[in-house]
Amino acid sequence: MREKDGVFQSSKRKGNGVGIQSIQHIAEKSGGASTFAYQNGAFCAKVMLCG
């Protein structure tokens with residue numbers, strides 16, 4: 001997992017990942033929130049959807 005300036009980078013192509021951005025957009029659109037972290041070899045995603 002690569003991260004640059006707080007943004008996770010795609011492992012499949014150059015640049016930012018699209019999946020995480022999609023999840024963030026959907027969470028924000030529904031009035032929810034999302035956080036992502038990568039520590040000690042583990043990726044953690046927390047997503048809250050409201051609606």
Closest non-hydrogen atom pair between Ala27 and Ser30, with its separation
O-OG, 3.0 Å
As an exercise, state the distance from CD of Glu28 to CD1 of Ile26, rounded to the nearest 0.5 Å.
11.0 Å
For a quick test of reading the model, state the closest non-hydrogen atom pair linking Ala45 to Phe43 and the distance between them.
CB-CE2, 4.0 Å
Do the side chains of Ile23 and Leu49 join up, straight or via other hydrophobic residues, at under 4.5 Å, putting them in one cluster?
yes
Closest approach of Phe36 to Ser34 (non-hydrogen atoms, all atoms of both residues)
CE1-OG, 3.5 Å
Heavy-atom closest pair (Cys50 atom, Gly31 atom, distance to 0.1 Å) is SG-O, 3.8 Å
Same hydrophobic cluster for Val47 and Tyr38, using side-chain heavy-atom links shorter than 4.5 Å among ILVMFWY?
yes
